[in-house]
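First comes the structure, then the notes that go with it.
Both backbone and side-chain heavy atoms feed into the values below; hydrogens, waters and symmetry mates do not. Each chain gets a letter, A, B and so on, in the order its sequence line appears, and its residues count up from 1.
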Number of protein chains: 2
Amino acid sequence: MMMWERTTEGKGAASMALRHAVLAALLVGDGSGGDGGYSGYQLAKAFDIGVANFWHALPQQLYAELTKLEKEGLVAGRQVVQETRPNKRLFRVTEAGLAELAAFTAAPSKPSFIRDDLMVKVQAADSVDTGPLIEQLEERASVAEAKIELFGKLLRKMRGELDEEEFLRRGDRIGPYLTCLRGLALERENREWGLRVAAVLRARGPVRAER
Amino acid sequence: MMMWERTTEGKGAASMALRHAVLAALLVGDGSGGDGGYSGYQLAKAFDIGVANFWHALPQQLYAELTKLEKEGLVAGRQVVQETRPNKRLFRVTEAGLAELAAFTAAPSKPSFIRDDLMVKVQAADSVDTGPLIEQLEERASVAEAKIELFGKLLRKMRGELDEEEFLRRGDRIGPYLTCLRGLALERENREWGLRVAAVLRARGPVRAER
DNA sequence: CCTGATTAGTCACTTTCTTGACTATGATGA
DNA sequence: TCATCATAGTCAAGAAAGTGACTAATCAGG
């Protein structure tokens, strides 16, 4: 039997993946945000930095998910009337939401999944023109560089005046710090790999008579 | 204007993402496989090792995609009658398929995306029971360890008797080697991060009075 | 005064993925 | 000999995710 025939085995596990990412992200805004909660809009921004390290979603999806979560009582929203800006709804995680997150955390994780156009292109590098590929690899390396700096700043900000060891021992809210560390490591690898592959392909020159 | 309002901009880019991963994976089977091409079944296995580093897909999707690709002339399948096994169809990439891959390679890449349950859980680590989380982190580290060894073997096999520098200069088919290198780096990071986070959470002990 | 950016969302449609079957045959191991 | 594994697929329903367009207010700059 091969791997895709896991019939009748992971039965009641209920995927609905985005929701847990939303709940986890919302926890951060809850309290530190000052006014207790994130709006959909703010959540979208929080996703862009930080959460983007392990989850990607467009704002439309977040709004939709927030609506569903509210209907199920996992988050509670309250209207905030603003004069200078359009009104907004601030959401915070409810007890039920926290319970849902706890259950999710206790359940087995599905293997992480990655999807990367550039890697597909590198896989085919022996059969196609490498010119544009080299450009994209170097572009990616420089994007990674920028993220590395951004994450460095974020980490410094999160740990405040404590050093890392100290913060991880005694800080509160270390979750986002730990995921950010992973993002940092990832981007470093991204940069190294991009530069290395670009160099290798450059050194080989144009692809020789294929097929 | 925010990022999700890229209206009328990436218009003709045609997503259909899986197809390029399939084409790139098929290229490897084409020739080295001996009998010229991969069957859907073999492709599924190839995806599981190697391609899984940058693309995840279930066999059902691959079969479906192969059918579509054949209808569009990007791959060609031929029936192979077997006595000892069920018959199969071997697929190879056509000229048109290669052209499609080339066009894809030249076009801008969409940002890589990751989705990782475990990271979501770590993000929420300050608010939930960390016991099962620590277990999962250590489990992941050991899975990563196994992959590291597997990739080491794969790489040695691919480069044959040459050393890495030499192979990357003169070897043919370096694409899969380069993506495998990335996979290796990724798994190493996975292992380090998993062990580190598990250690940090363990040292902190159970979560203190939440909310 | 007009343009564009920022805040704050909503709606509808399409594509893709996942899930859970079901069909075959031969080989291998207990 | 019986069970299971490995090969080699196919099908269909439903859930999840992604895409593109649209509304609306305010503010900042030229």
Task: Salt bridge flag under 4.0 Å for residues A:R140 and A:D116 - done: yes
Task: Shortest side-chain distance from B:Q82, nucleotide among D:dA17, C:dG9, D:dA8 - done: D:dA8
- [ ] Check the pair A:F91 / A:Y38 against ring pair (Phe, Tyr, Trp, His ring centres under 6.0 Å), numbers first and verdict last.
- [x] CA-CA 5 Å; A:F91 295 94; A:Y38 274 158; over 10 Å; no
Open item on the list: So if I take every side-chain heavy atom of A:Q42 and compare against C:dA8, C:dT18, D:dT19, which nucleotide ends up nearest?
Closed with: C:dA8
- [ ] Send over the distance from A:E65 CD to C:dG9 P, rounded to a whole Å.
- [x] 16 Å
TODO: Determine the interplanar angle of the A:F113 and B:F113 rings, folded into 0 to 90°, and report it as parallel if under 30°, tilted if 30 to 60°, perpendicular if over 60°.
DONE: parallel
Task: Spacing between B:K110 atom NZ and C:dT15 atom P, to the nearest angstrom - done: 13 Å
Open item on the list: Would you say B:Y41 places a side-chain N or O within less than 4.0 Å of OP1 or OP2 belonging to D:dT7?
Closed with: yes
Open item on the list: Which label fits B:F167 and B:Y177: parallel for a plane angle under 30°, tilted from 30 to 60°, or perpendicular past 60°?
Closed with: tilted
Task: Closest-nucleotide ordering on DNA chain D, the 5'-leading residue of A:E83 and B:R89 - done: B:R89
- [ ] Tell me which of A:K68 and B:A64 sits closer to the 5' end of DNA chain D, going by the nucleotide each one is nearest to.
- [x] B:A64
TODO: Nearest whole angstrom, please: distance from the C1' of D:dC5 to the NZ of B:K45.
DONE: 11 Å
Task: Spacing between B:L62 atom CG and D:dG9 atom C1', to the nearest angstrom - done: 12 Å
Task: Phosphate-side-chain proximity, A:R115 and D:dA17, N/O vs OP1/OP2 below 4.0 Å - done: no
Task: Whole-Å gap separating C1' (D:dA8) and CZ (B:R78) - done: 16 Å
Task: More than 12 heavy atoms of other groups within 6.0 Å of A:Q79 CD - done: yes
Task: Separation of C:dT19 C1' from B:H56 NE2 (nearest whole Å) - done: 13 Å
TODO: Decide yes or no, distance alone: a donor-acceptor N/O pair under 3.5 angstrom between the base of C:dG9 and the side-chain of A:Q60.
DONE: no
Task: Nearest-Å distance for atom pair OH/C1', residues B:Y38 and D:dG9 - done: 18 Å
TODO: Among C:dT19, C:dT10, D:dA17, find the nucleotide with the atom closest to the side chain of A:Y63.
DONE: C:dT10
Open item on the list: Is B:Q61 close enough to C:dC17 that one of its side-chain N or O atoms is under 4.0 Å from OP1 or OP2 there?
Closed with: yes
Task: Rounded distance in Å - CG (A:L69) to C1' (D:dA16) - done: 14 Å
Open item on the list: From the set C:dT7, C:dA27, C:dA24, return the single nucleotide nearest to any side-chain atom of A:P86.
Closed with: C:dT7
Open item on the list: Whether A:S39 contacts C:dG9 is assessed here as follows: a side-chain N or O lying under 4.0 Å from the phosphate OP1 or OP2. Is that the case?
Closed with: yes
Task: Along DNA chain C (nearest heavy atom to each residue), the more 5'-positioned of A:R85 and A:T67 - done: A:R85
